[in-house]
Amino acid sequence: MGRRRVQLFDDVDEEFARDEGEGDRTLAWWRDAHRRFFTGECARLGIEWSPALLIVCRRFRLLHAV
């Protein structure tokens, strides 16, 4: 499937943010966009968002480019 790593939100690094390929590919952009997403999801689930939230970071291998 893909490599996955469970880690704290605050421990996501520049390399992962860049490789994800969204926004301007910076860690600052990644953190802002994902903080907004996770804050909304946590509210929907009735839990409090925290930068110490555990998240799953998954990497996939590209098999075929279109």
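Note that the numbering runs from 1 along the sequence shown for the chain.
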State, yes or no, whether a side-chain contact exists between [X] and [Y] at a heavy-atom distance under 4.5 Å.
{"X": "Asp32", "Y": "Arg35", "value": "yes"}
{"X": "His64", "Y": "Leu62", "value": "no"}
{"X": "Leu8", "Y": "Ile55", "value": "no"}

Per-pair distances, 0.1 Å, donor-acceptor, side chain in residues 43-54, under 3.5 Å, sequence neighbours excluded:
unit_1	atom_1	unit_2	atom_2	d
Arg44	NE	Glu41	OE1	3.4
Arg44	NH2	Glu41	OE1	2.9
Ser50	OG	Ala52	N	3.0

*Does Asp19 have any salt bridge (Lys or Arg N to Asp or Glu O under 4.0 Å) partners at least two apart in sequence or in another chain, and if so, which?*
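Salt bridge (Lys or Arg N to Asp or Glu O under 4.0 Å) check on Asp19 returns Arg59.
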Residues in side chain to side chain donor-acceptor pair (under 3.5 Å) with [X], at least two apart?
{"X": "Gln7", "result": "Arg5"}
{"X": "Arg18", "result": "none"}
{"X": "Arg31", "result": "none"}

*Would Asp13 and Leu27 count as a side chain to side chain contact (heavy atoms under 4.5 Å, CB included) if you check the C-alpha gap in whole Å, the side-chain angles of each, and the deciding distance to 0.1 Å?*
CA-CA 7 Å; Asp13 60 21; Leu27 181 57; 5.8 Å; no
*asked:* Once ring pair (Phe, Tyr, Trp, His ring centres under 6.0 Å) is applied, what residue pairs with a partner in residues 27-46 remain, sequence neighbours excluded?
replied: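 Those involving residues 27-46 are Phe9-Trp30, Trp30-His34.
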_Distance, nearest 0.5 Å, that separates CZ of Arg3 from SG of Cys57_ = 11.5 Å
